[in-house]
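For reference, the structure is listed below as C-alpha cells.
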Amino acid sequence: MAIRNVPIPSRQLYIDGEWREPVKKKRIPIINPATEEIMGDIPAATGEDVDIAVEAAQRALARGDWGSTTGAQRAKYLRAIAAKVLEKKSELATLESLDSGKTLLESAADMDDVAACFEYNADLAEALDSKRKTPVNLHLDSFKTYVLREPLGVAGLITPWNYPLLMATWKVAPALAAGCAAILKPSELASITCLELGEICREIGLPPGALNILTGLGPEAGAPLASHPHVDTISFTGSVPTGIKIMTAAAQFVKPVTLELGGKSPIIVFDDIDNLDIAVEWTLFGCFANTGQVCSATSRLILQESIASEFLNRLLVWTKNIKISDPLEEDCKLGPVVSSGQYEKVLKFISNAKNEGATILYGGERPQHLKKGYYVQPTIITDVNTSMEIWKEEVFGPVLCVKTFKTEEEAIELANDSKYGLASAVMSKNVERRERFTKAFQTGIIWINCSQPTFHQLPWGGKKRSGFGRDLGEWGLEKYLNIKQVTEYTSDEPWAFYKAPSKNQ
Ligand SMILES: NC(=O)c1ccc[n+]([C@@H]2O[C@H](COP(=O)([O-])OP(=O)(O)OC[C@H]3O[C@@H](n4cnc5c(N)ncnc54)[C@H](O)[C@@H]3O)[C@@H](O)[C@H]2O)c1
Ligand SMILES: C[N+](C)(C)CCCC=O
Ligand code: NA
C-alpha cells in the first residue's frame, strides 16, 4: 500500500482555519531517520504565533458555529475527520514512516487507530448531549439543583514524536468532542502528519479556530502555550523533565494539567505459562514494537529462574528473526530510532550498562547491513542489578534488560522497584496469582498474558513519575469539561437567617 515517494507537503501554521506564515518566518528541517537526509521543513512558531492562535480559539468559542454547538453537531465534524483520515490512509502512513522511522505496518495501524479514536469520541460527543444538564434530587422542596457539563475553554495540547498523529488524536478528538477550542503543539521531530490534520480540518470545514496547529520547538512554541494566561488547560504527553516544566508554568495560573510521561515498565513471566513461544513473542512486542519508542514499553523482563535459560534461548532465536530495514520495506519490523540525538542516547545507555558490569546478550550496535540511518539492533541485556542505570531509567529504544526471580514476593518487589508507574504485564496461567499481581502492581495499566494492546475505550495513564490524569475512554474527555453546579431556591418563603426589619425601620 506504500506510496513510496509521497511528496512532503510544504505547510504553514494552521491558525483560524487557514495557513499562516509564522510571525518570525522561521522553519525547521525535516530529517528522514532512515536516510539522514533533509526532506523538507516545517514552520517554527514562537510566542507571537501562540498569542494569535489563542485569540482565534477564543473567537471560535464565542462564535455560534463552534461555541454553541451540540455534541451531535460536533460529532459530525469528528466523523468527517475520521473518514478523511481513512481516505488518505496510505499517504498519511507513508508520511508518518518517512518522518518518524516507524515501520509502514505500524504507521498504517496508527492511521486506523486515529480514525477509530475520532469515531469513538464522536460517540462520546453525542452521549454528552443527554448528560449536559443532569438534575440532582436533594429531596428538598425549597431547592432545585442540577449539574452542567460545559467545555472548559481553550485547551493546549503538547505531544511527542513516537506516535505523532495518534498521540495528537488522543487529545484533539476528546477536546473537540467536549466543545473546547484547541491548540496542538506536536513534536518538532515529527510534525508532518499533524500538519496534514490541519489540511483535513480545512477540507471538512471545521469552524475556524476550533483547532489550531502550531509546529515548533518546545521552549519557543510549547512553553508560551503552557504559560499563556488564556489557555485554560494543558494536556501533555512527553518526558518527565518537560512535564515538570509544564506543570511549573501552569501552576503560575493555577491551570489544570494532565501529564502522560515516561515509564520503565516490567513484564513478569512465570514458569506456569502454557506456551513459551507465545510469551516470548509478547515479550519482544512489548519492548521492540515501534523500535522500543513506546512510553509503556515493557523494557524490564522479570523472568522466573526455572525457565530462564530456555526462555532466553528462545528469545534470542526470535530476536534474530526480526527484520531490520528501511521502514517502508515490506515486512520491516524494526526501523531506525527517530533522530541522531535519540540514536546517541540509546547507544550511551547500552555502553553505560556494559561499563556498569551488565552483559550484552544480543545486539547493542548498529546493524552491519545498514550504513546510514539511526538504526540500533534489538538489544537484550542480562546480569543486571537494581542499582544500574539500565534497570532504572527509560531508554526509549529497542533495549530489554532482564532479571530473574524465584518467588512471587521477589517478582512483585522487582516489578514495583521503579520511580515510574505507567504499565505492568504478567504472564501466568494461574488466575489467583494474576489477581494478586493486578492488585499489587503500582501502575495505571495492567496487561495480563500480553503487552501493549490498547483500546480507546479504556483509560490510559499512570501514577508516580509517569504522571497523572487519563487519556482515552470517557476519562479522556472529562478533563476538557467544566463541571458547573446550579442551585435554585424555589420556595416563596423568606430565608429567615436575619431578623427581618420592622415595617417602619
Ligand atoms: N505516557 C504516555 O502516554 C507517553 C506517550 C508517548 C511518549 N511519552 C514519553 O515522551 C518521551 C519522549 O517524547 P519526547 O522526546 O517528544 O518528549 P519531550 O518532553 O522532549 O517533548 C514532548 C513535547 O514537549 C515539547 N516541549 C519540550 N520542551 C518544552 C517546554 N519547555 N515547554 C513546553 N513544551 C515543551 C516538545 O516540543 C514536544 O512537543 C518519553 O519519555 C516517553 O516515555 C509518554
Ligand atoms: C500502546 N500504544 C498503542 C502503542 C500506544 C503507546 C502510547 C505511548 O507511547
Ligand atoms: Na523527522
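Numbering of ligands and ligand atoms starts at 1, following listing order. Atoms considered below: every heavy atom in the structure, side chains included; atoms not considered: hydrogens, waters and symmetry mates. Just so you know, residue 1 is the first one in the sequence shown, and it goes up from there.
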Need the ligand 1 atom indices (1-based, order shown) with element for anything under 4.0 Å from a heavy-atom of [X].
X	value
Thr237	2 (C), 3 (O), 4 (C), 5 (C), 6 (C), 7 (C), 8 (N), 22 (C), 44 (C)
Ala223	32 (N), 33 (C)
Cys295	1 (N), 2 (C), 3 (O), 4 (C), 5 (C), 6 (C), 7 (C), 8 (N), 43 (O), 44 (C)
Gly218	25 (C), 26 (N), 27 (C), 28 (N), 29 (C), 30 (C), 32 (N), 33 (C), 34 (N), 35 (C), 37 (O)

Give, for atom [atom1] of [X] and atom [atom2] of [Y], the distance between the pair rounded to the nearest 0.5 Å.
X	Y	atom1	atom2	value
Glu394	Leu261	CD	CG	9.0 Å
Ile158	Leu225	CD1	CG	5.0 Å
Asn321	Leu284	CG	CG	9.5 Å

Is there an N/O/S atom in Leu189 that lies less than 3.0 Å from the Na ion (ligand 3)?
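Leu189 does place an N, O or S atom closer than 3.0 Å to the Na ion (ligand 3).
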Mind checking ring-ring contact (aromatic ring centres under 6.0 Å, His included) for Trp282 and listing every partner two or more places apart, or none if nothing turns up?
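Not a single residue meets the ring-ring contact (aromatic ring centres under 6.0 Å, His included) criterion with Trp282.
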Have a look at ligand 1 and work out which part of [X], if any, has a heavy atom under 4.0 Å from it: side chain, backbone, both or neither.
X	answer
Ile246	side chain
Ser466	neither
Glu260	both
Asn162	side chain

Looking at Trp460, does the NZ or CZ of Arg470 lie under 6.0 angstrom from its six-membered ring centre and within 45 degrees of the ring axis?
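Ring-cation test returns no.
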Within 45° of the axis and under 6.0 Å from the centre of the six-membered ring of Tyr163, does NZ or CZ of Lys102 qualify?
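Satisfied, under 6.0 Å and within 45°.
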Polar proximity ligand 1 side, [X] side, N/O cut 3.5 Å exclusive:
X	result
Lys185	yes
Leu422	no
Leu261	yes
Thr242	yes

For a 4.5 angstrom cut-off between non-hydrogen side-chain atoms, does [X] reach [Y]?
X	Y	answer
Gln457	Glu474	no
Ile192	Glu96	no
Arg11	Glu199	yes

Could you work out, with side-chain contact (heavy atoms from CB on, under 4.5 Å) as the rule, every residue matching Leu206, not counting sequence neighbours?
Trp66, Tyr77, Leu176, Cys201, Ile204, Ala210, Leu211
Is it true that [X] lies under 4.0 Å from ligand 1, counting heavy atoms only?
X	value
Ala226	no
Trp460	yes
Phe236	yes

Carefully, step by step, assess Trp318 and Phe288 under the rule ring pair (Phe, Tyr, Trp, His ring centres under 6.0 Å).
CA-CA 12 Å; Trp318 277 76; Phe288 299 152; over 10 Å; no
With respect to atom 33 (C) of ligand 1, which of Pro160, Ser339, Gly462, Gly222 exhibits the smallest heavy-atom separation?
Gly222
Would you tell me which option among Pro241, Pro224, Ser239, Ala423 has the nearest heavy-atom contact to atom 18 (P) of ligand 1?
Ser239
Output, or 'none' if empty, a list of ligand 2-protein atom pairs in which both atoms are N or O and the distance is under 3.5 Å, rounded to 0.1 Å.
residue: ligand 2; atom: 9 (O); partner: Asn162; partner atom: ND2; Å: 2.9
residue: ligand 2; atom: 9 (O); partner: Cys295; partner atom: N; Å: 3.0

Would you list the pairs meeting ring-ring contact (aromatic ring centres under 6.0 Å, His included) in which at least one residue belongs to residues 96-121, sequence neighbours left out?
Tyr120-His456
With a cut-off of 6.0 Å (strictly less than), are more than 12 heavy atoms of other residues, nucleotides or ligands near CD of Glu36?
yes
Give me the residue, atom name and distance of the protein heavy atom closest to atom 31 (N) of ligand 1.
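Here the closest protein heavy atom is Lys245 CD, 3.7 Å.
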